[in-house]
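Notes for the one structure printed next.
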Amino acid sequence: MDSLFDHSTAQKLHGIIPETELNSWESEELLDCLAELSPGQQDLLLQQISVIWPVSHSLCLAFLEAIRPALACLDAEQFAAWVRGILDRYEAQGLQEARRFMVDLDNHFVCTLKGQSGLMLSDIKTRLHLYLRGVAGRPFDLESGDLPGTDTATIFLPRNSTLFSNDATNFLAYKLLASLQWALVRVNLYCHEITDEDALFARLGYPAPDKPASGIFLTRFFQTFARPKLAMAIYHFLQTFRALSFLQKRLPGLMADSRAYFQKIRPQLLADMEDKKLLVKEYTFVLDQLCDNQPLELPAGAFRKNCNPASWWQDISQILVDAAHIHDQWKDGSAEDIATPPLFQGSFLIEEAHARRLARRKKAEQQFIEALSIRIMPSVAKNQDHAQESLGSEQPQQPDSGANISLRLASQQDGQEEKEPVHDRVIRHIRLDDQKIDLDSRLQELGREIMDDLGNLPQLYLDSAAEMAAGRSYEPNFNTPEQEGAALKGASLYDEWDFRRQGFRHNWCHLLEKEIQPSGGTFIATALSEHRGVIKQLKRQFEQMRSHHRFVGRQRDGDDIDLDALIEAVADHKAGLPPSERLFVRQLRDQRDIAALFLVDMSSSTEGWVGKAIKESLLVMAEAMESLGDRYAIYGFSGMRRTRSEVFRVKEMEEPYNDTVQGRIAALSPKDYTRMGPPIRHFTKLLSQVEARVRLLIILTDGKPEDYDDYKGEYAIEDTRHALIEAKNAGIHPFCITIDHQAQDYISHLFGEVNYLFIDDVKGLPRRMPDMYRVLTS
Amino acid sequence: MISGQRIEEHIISREPYYRQQGQELTIALAAYQHQIPLLLKGPTGSGKSRFMQYLAWKLRRPLITVSCHDDLSTSDLVGRYLIRGGETVWLDGPLTLAVRHGGICYLDEIVEARKDTTVVIHPLADDRRELPIEKKGEILSAPPEFMLALSYNPGYQSVVKDLKPSTRQRFVALELSYPSPEIEAEIVQHEAAITREEAERLVRLAEMTRGLEDAGLQEGASTRLLIHAGILMGSGIEPRQACKVTISETLSDDHELVAAIDEMISSLY
């Protein structure tokens, strides 16, 4: 009996984890562990293993080590919630954190169940993220950290808030902390605008430090002081003061509501008062004003004497000078210790912010150069054509060196319209030789980011863009098919657009349609149950779109007389005109007559959560589509090099949605690269053979078109764009859903302003995709 | 008993409030002078219809507005025969009325109308400038004072509602998007009769909601919504409540989005 039992369990287990992936002893241990459990628990565990294993093998092994105590004290539902918690930690903070979470079951999980953990950040993240995005006007990532803080792109907040006993006030605390961190970025906490250090030190009357080649300005700055920590604390105090004043003006409602919060944390500071620590009096003074929601004033004494808050907005270095003067006054005082700042101020992440700044600069540089080169490409190409024509050459053109193109700034500085920010410089035009080229809003924004960061826009960027546009840095090295292996049998051949020659490479790509073997497993059941609420709601909504009954007048026959038409006919008759015979009303069911094809990116970058979210979305979408009745097909695409573009059939247009299709959705897995042109052309051909009033090609992707060979950068973008134009010309509406964070650079160039949807949070995809479809087709 | 619309009813006698955003008035006047029809694009509540009223007032021409819907038939636009006391009477539709009297015919939300209906405007919208009335066997030539104007909102991503290229390529197109913050505050201040500071705060709220357009909100708060909020506040309704009923609840049904917008409101007020 026992051995039989083991045998079937082992089979199930190896259905999820292939035998080859585990050592024999690991496998045995695992089976021993399973054998101790009741059949119900075994199934539960196997189900969860199937969830974790595809995410990370090492996580799964760690999970298996930690399950015993969890199984002992959690019921099935709690167990599933615990596993979700593990996966969230793993996703957000990596394996170590996930391990900690698993091992410390009592503190990390059980207390949550008992409701002792207050409000969890993870529970309110979505709302807070949306709130912050609206308030700040740009997205910030939210992550949990021990203390609040920000590196200017991510805001760190405590994992949970237990300050108050009710969720509403705890949320308010989160809202305040997040808003304050944003305000600190806004007041330029990390002094990213200081360009002339020597002048600053001259103002201070300090000798400028020996400047190392690299290093972070603020760190270097504070090191020149007798008591660097004190100087830093004073500076941080001043900036927090400034950020709070800014919030009082900007978000008065928030600051009024936050009185309760400030009153609650006040005792903590008062405890420090006894020890006569530095800055305690000042913090208490500020906090008292916050508790009464008074407009903030600087504390008396050294601060009021030395500070010039009026000029802080115009000149960020003033605040450093003021901090320095306070430091000089205090440095020889008797008090040694510095007060612990109140929790809301958070930590000062100089290095993180610097790293973020470097990364952003690099990214902005790349994006700017790439976007600018695309912008000037048509003009450059035209110039090259002229040059070629005048030479009378018929040779395929060698990419131009770019040296003979002159790209210069034609900036006009805007007047300082706003009072607060120091820089509001916008580059609206650029000069290419004698031609003035307007920059679109995206390029203007990128240009301004760079200017804010560096103080100017280096000519080097312009030169690089000119070179890129002229094709020097991008020199495709196309191999012949013979080198890459002959075309696969049964492959369809497609042209590819070469933007530099403004023509097609004929029969350049080989595309093969392939089958997907449906997979078993628990993915479908899990996903369906996880999203059952959404699916139910969507089915109802989609149902309404379908049953669109309406009365149509002026029919030859029908259920009732069309009074309007009859009167008109009588009138016409009297007027001597032949009366109409269309005198009836008939109830018609509106035929939607829409055919949609979902094309899913299966490139290797979709590995992990993205791929899972895409699969779940397809499933939710398919469920919803069933109640709508629109015809639809689902295909995946991937490929490597031009000789092996592959599309994978999940569901054909007329194929019924059933277990096999579900199995194929479950079996979608990341493959190779994203060569978008061939599949778009393939499905344009397929869709244009479908009889429908509206034909939709919906592409789900997580990034730019890119292949292993030279299908990259503008070449790839221009080919994809051309394929999409071909689709539009064939009467097909392409639409793109993208998860790429950098998509804004190129996506509107590819699809046009309103023909794409950018998804911020991949977990929202299963909900957003059907919503998009609803809007699109009604 | 049965009487058609009278053209006098459409004359705008008092100057409507309109705050120019840019060159739109100059361009519209030039188009009018050269008898080119006008296409207004822009998000809902951004002042398209108000602009038409202002233009009509400025030109001293009657403005006939037709709100388009998918049951709108050609007869609804052109006109039909009716019976009165045993006699038949021809009744001009709004389009015919405008052509006959040299008025401005404004077809609001034109994409809502069926495409076969919109085709009737084609001969009016090019240099022929004539309206064939089939029933009467009459071809009406538009006087120089007549102007045709359409509006639609390109932000709706629906593929079944789009303007045919053959229709759109007859127009001068003006885009009226949300005004700049200063101008928008001025408009809200004037229309809702509130203080400048209150208006600026509403505009700031609008900008916050417009920042959510990438995050799932179909459209941010329009200038019209801000005016509604301002009016409610002016009549003594508590600001958070006024903004909730006019802005967050009207913008979305999505629980998280509404909650996030409520949080923005409570931050500002």
Side-chain angles (χ1 to χ4, degrees), chain A residues 126-139 171-172 175 179 247 250-257 417 550 552-554 564 567-568 570-577 592 594 693-696 733 735 744 753-761 764 767-768 771-772 775-778, chain B residues 2 70-71 73 75-76 80-84 86-91 134-137 153-162 180-182 201 204-218 220 239-240 243 254-269:
Chain A
T126 320
R127 188 187 307 178
L128 199 59
H129 188 257
L130 287 170
Y131 160 77
L132 203 59
R133 180 173 187 138
V135 167
R138 72 173 173 102
F171 181 78
L172 175 74
K175 199 168 121 180
S179 306
L247 284 183
R250 188 66 167 232
L251 304 175
L254 173 69
M255 295 308 274
D257 284 351
E417 286 166 19
R550 64 184 186 119
V552 191
R554 295 167 200 280
D564 271 355
I567 294 169
E568 215 172 297
V570 174
D572 285 352
H573 182 66
K574 289 235 176 192
L577 292 171
R592 282 172 54 85
I594 292 174
R693 189 166 58 94
V694 175
R695 287 175 292 228
L696 277 168
H733 296 276
F735 189 92
Q744 275 145 351
E753 283 297 335
V754 294
N755 296 322
Y756 63 89
L757 177 72
F758 170 67
I759 303 250
D760 234 0
D761 176 15
R767 169 81 240 195
R768 297 278 304 277
D771 273 350
M772 174 282 303
V775 172
L776 205 56
T777 60
S778 61
Chain B
I2 309 163
D70 60 358
D71 268 347
S73 69
S75 307
D76 292 334
R80 51 166 57 93
Y81 276 113
L82 293 176
I83 306 165
R84 186 184 292 168
E87 295 287 314
T88 56
V89 183
W90 170 259
L91 196 70
E134 263 174 61
K135 285 256 175 74
K136 293 183 77 182
N153 179 354
Y156 298 142
Q157 294 176 323
S158 175
V159 292
V160 284
K161 287 178 187 161
D162 200 4
S180 68
E182 291 81 29
R201 210 186 285 190
R204 212 177 299 151
L205 177 61
E207 280 173 350
M208 289 179 181
T209 63
R210 288 168 202 166
L212 291 180
E213 280 173 17
D214 276 343
L217 195 65
Q218 213 180 339
R240 286 190 186 185
C243 290
D254 183 293
H255 183 71
E256 286 289 345
L257 277 170
V258 172
I261 299 170
D262 281 342
E263 293 300 341
M264 292 169 195
I265 294 170
S266 65
S267 287
L268 282 170
Y269 291 97

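Per chain, numbering begins at 1; letters A, B, ... match sequence-line order. No experiment lies behind these values; they were computed from the predicted model shown.
- Interface residue A:Arg554: only side-chain heavy atoms are found under 4.5 Å from chain B.
- Annotation: maximal heavy-atom pairing with chain A below 4.5 Å, among B:Ser75, B:Ala259, B:Ser73, occurs at B:Ala259.
- Neither the backbone nor the side chain of A:Ala256 comes within less than 4.5 Å of any heavy atom of chain B.
- Heavy-atom distances place both the backbone and the side chain of B:Ser266 under 4.5 Å from chain A.
- Note that A:Lys175 lies in the cation-pi zone of A:Tyr131, set by a 6.0 Å cut-off to the ring centre and a 45° limit from the axis.
- A salt bridge does not link A:Arg127 to B:Asp262: none of the charged nitrogens lies less than 4.0 Å from a carboxylate oxygen.
- The pair B:Lys135-A:Glu568 counts as a salt bridge, with a side-chain nitrogen and a carboxylate oxygen less than 4.0 angstrom apart.
- Annotation: the span from A:Asn755 atom CG to A:Leu776 atom CG amounts to 8.0 Å, rounded to 0.5 Å.
- Using a 4.5 Å cut-off on side-chain heavy atoms (C-beta onward), B:Lys136 and B:Tyr81 make contact.
- Of the two parts of B:Ile265, neither the backbone nor the side chain holds a non-hydrogen atom closer than 4.5 Å to a non-hydrogen atom of chain A.
- Across B:Ile261, B:Asp254, B:Leu268, B:Val89, the residue that shares the most heavy-atom pairs under 4.5 angstrom with chain A is B:Leu268.
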